[in-house]
Amino acid sequence: MQKLSSLTLPWPTDWAALFGVERPLIVEIGFGYGQFLLHLARAHPDASIIGLEIANRCLSHVEAQIERRGFTNARVIHSTAETALHHLFQPASIGQIHINFPDPWFKKRHGHRRLMQRDTLDVMVNRLAPGGMLYLATDILEYAEMSADLLAATPGLDNTLEKPWAAALPGRALTRYEGKAARAGRACYYFACRRNHLPPPFIAPVKELDMPHLVIKSALTLDTIYEAFTPGQHQTGGIYISFLYIYRSRNVLLLEVYVKEPTIDQHVAFLLSERAPNEFSLRLSTLGHPRPTPGLHAAAGLLGEWLMSLHPGAEIIKQAVKD
Ligand SMILES: C[S@@+](CC[C@H](N)C(=O)[O-])C[C@H]1O[C@@H](n2cnc3c(N)ncnc32)[C@H](O)[C@@H]1O
């Protein structure tokens, strides 16, 4: 089975083409060792089940289980939920979203890393089809209280339960983490919300640009550029860019760069080569499957500015970099 990741799949993904058939989509976020995902695949043969996970161990374990059991209606994707929801899914395209026991080390001060937060919930509401369901389970009372407040302040979702959460959902399959919580005697809190017909929150469409490319004329050499490099961080318009390391081979410098944008993190490499005497070409290496987002263009722009600053006579002779 071909490995799938949000960095290699088309944005947005044509799920009917990927599964070979048009079916309702059911998404599980953070499926862990996949007990629940396999249950979904078995219980919904008429739907396409898409699991999102960041842990490689879980991905390869569940991939093997899907193959072994011959489920053709389930695929797992290496991606954070946030990136997949923004980049891979169209508005109003998902029938069900399941979130089982996210953020087990919940701390109020870790708000920015938490799955249940305003921005991520907004993109979930935007991606759910009218009548679609969002299910959440947690064994952390504070997390349940925080989620209840967040969901109550979400006009695009209606609570289908009589109370903010239920102590059990009849007919629900058990997850591995839930089994552990039950054995340890911990209570669990279940949410079930339906997408109504109110307009969805606005989610800015994702821009994928052409690959950034710069050509600079400068009296520098690869050696002097290599010597001049120092790691550094930049923050520009909601994008965080960190220039990490520089590596030297005979004809090329490789610059390792981390770029964090609101919907995607990328760890990529830029190549700087001398394509003619005193003429340097800066482009993205294919390492890390870079996607040409505004953040990668901003990183290319900053590298260009840095190269220009190294020599007073330097000149940009070709620039395919968006502001
Ligand atoms: C506590 S485990 C629960 C696993 C499973 N749902 C269960 O109930 O047994 C949380 C899972 O979510 C995954 N995860 C955490 N943050 C994630 C994110 N932003 N996107 C996708 N998966 C994530 C973790 O790798 C982990 O497998």
Side-chain angles (χ1 to χ4, degrees), residues 3-9 13 25-43 49-66 74-89 94 96-107 110-124 127 133-144 146-147 150 165-169 171-184 186-192 203 260-267:
K3 304 238 179 278
L4 303 178
S5 128
S6 52
L7 287 177
T8 51
L9 282 166
T13 300
L25 304 182
I26 300 182
V27 174
E28 185 182 357
I29 292 173
F31 54 77
Y33 284 90
Q35 225 163 292
F36 194 86
L37 187 104
L38 297 170
H39 156 79
L40 287 174
R42 203 177 306 111
I49 317 299
I50 301 160
L52 308 174
E53 219 349 296
I54 49 175
N56 280 318
R57 253 187 341 217
C58 298
L59 283 153
S60 44
H61 175 82
V62 179
E63 226 156 37
Q65 295 284 326
I66 290 172
R75 295 302 302 264
V76 293
I77 296 170
H78 187 200
S79 180
T80 66
E82 297 82 350
T83 296
L85 288 165
H86 277 277
H87 294 257
L88 305 184
F89 293 94
I94 303 178
Q96 294 179 18
I97 298 178
H98 297 264
I99 309 171
N100 291 315
F101 304 92
D103 310 304
W105 300 281
F106 174 63
K107 298 242 174 5
H110 291 167
H112 60 290
R113 283 192 243 142
R114 186 191 305 150
L115 190 70
M116 282 298 284
Q117 56 174 300
R118 185 77 269 154
D119 291 352
T120 313
L121 186 56
D122 280 351
V123 70
M124 289 191 234
R127 295 327 189 215
M133 292 294 296
L134 171 66
Y135 296 98
L136 165 70
T138 177
D139 61 337
I140 303 168
L141 178 59
E142 229 185 334
Y143 201 91
M146 177 278 298
S147 302
L150 202 56
W165 61 71
L169 285 186
R172 204 191 116 90
L174 203 69
T175 78
R176 178 161 145 151
Y177 187 93
E178 193 172 8
K180 283 189 192 166
R183 286 192 292 280
R186 289 197 299 276
C188 292
Y189 313 95
Y190 300 92
F191 296 79
I203 301 296
K260 183 171 178 53
E261 294 172 77
T263 63
I264 187 163
D265 296 5
Q266 297 195 73
H267 193 162

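First listed ligand is number 1; within each ligand, the first listed atom is number 1. Throughout, residue positions are numbered sequentially from 1 according to the sequence presented.
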(request) Using a strict cut-off of 4.0 Å, indicate which atoms of ligand 1 neighbour a heavy atom of R176. (result) 9 (O)

(message) Using a 4.0 Å cut-off to any heavy atom of P104, which atoms of ligand 1 qualify?
(response) 1 (C)

(message) Could you check whether E63 pairs with R75 (Lys NZ or Arg NE/NH1/NH2 to Asp/Glu carboxylate O, under 4.0 Å)?
(response) no

(request) If you have a sec, work out which protein heavy atom is nearest atom 9 (O) of ligand 1 and how many Å separate them, to one decimal? (result) Y177 N, 2.9 Å

(request) Out of E53, H78, R114, indicate the one that has the non-hydrogen atom closest to atom 24 (C) of ligand 1. (result) E53

(request) Look at the rings of Y189 and W165 and say which category their plane angle falls in: under 30° parallel, 30 to 60° tilted, over 60° perpendicular. (result) perpendicular

(message) Quick one, L136 and F101 - any side-chain contact, counting heavy atoms below 4.5 Å?
(response) no

(request) Could you tell me the residue and atom name of the protein heavy atom closest to atom 1 (C) of ligand 1, and the distance to it rounded to 0.1 Å? (result) F101 O, 3.1 Å

(request) Please determine if R176 forms a cation-pi arrangement with Y33, meaning its NZ or CZ atom is less than 6.0 Å from the six-membered ring centre and no more than 45° off the ring axis. (result) yes

(message) Using a 4.0 Å cut-off to any heavy atom of S79, which atoms of ligand 1 qualify?
(response) 21 (C)

(message) Is it true that E178 and N100 share a donor-acceptor pair across their side chains at a distance under 3.5 Å?
(response) no

(message) What's the separation between atom CG in L134 and atom CD1 in I99, rounded to the nearest 0.5 Å?
(response) 5.0 Å

(message) Side chain or backbone, does D103 bring an N or O within less than 3.5 Å of an N or O on ligand 1?
(response) no

(request) Give a yes/no on ligand 1: does G179 have at least one heavy atom closer than 4.0 angstrom to it? (result) no

(request) Looking only at protein heavy atoms, identify the closest one to atom 20 (N) of ligand 1 and say how far it is in Å. (result) A81 N, 2.9 Å

(message) Please tell me whether T263 and H87 have a donor and an acceptor in their side chains that are separated by less than 3.5 angstrom.
(response) yes

(request) Examine distances only and state if a side-chain atom of D103 and a backbone atom of L115 form a donor-acceptor pair shorter than 3.5 Å. (result) yes

(message) To the closest 0.5 Å, what do you measure between CD (E82) and OG1 (T120)?
(response) 4.5 Å

(request) Could you find the nearest protein heavy atom to atom 8 (O) of ligand 1 and give me its residue, atom name and distance? (result) T175 OG1, 2.7 Å

(request) Name the closest protein heavy atom to atom 22 (N) of ligand 1, giving the residue it belongs to and the distance to 0.1 Å. (result) G30 CA, 3.5 Å

(request) Pick out which of F191, Y135, F31 makes a ring pair (Phe, Tyr, Trp, His ring centres under 6.0 Å) with H98. (result) Y135

(request) Measure F36 to ligand 1 on non-hydrogen atoms and call it side chain, backbone, both or neither using the 4.0 Å cut-off. (result) neither

(request) Look at atom 17 (C) of ligand 1 and say which protein heavy atom is nearest, naming residue and atom and giving the distance to 0.1 Å. (result) I54 CD1, 3.7 Å

(request) For ligand 1, note which part of A137 has a heavy atom under 4.0 Å away: side chain, backbone, both or neither. (result) neither

(message) Heavy-atom contact check, 4.0 Å cutoff: does P102 meet ligand 1?
(response) no

(message) Which option wins on minimum heavy-atom distance to atom 19 (N) of ligand 1: H98, Q35, E82?
(response) E82

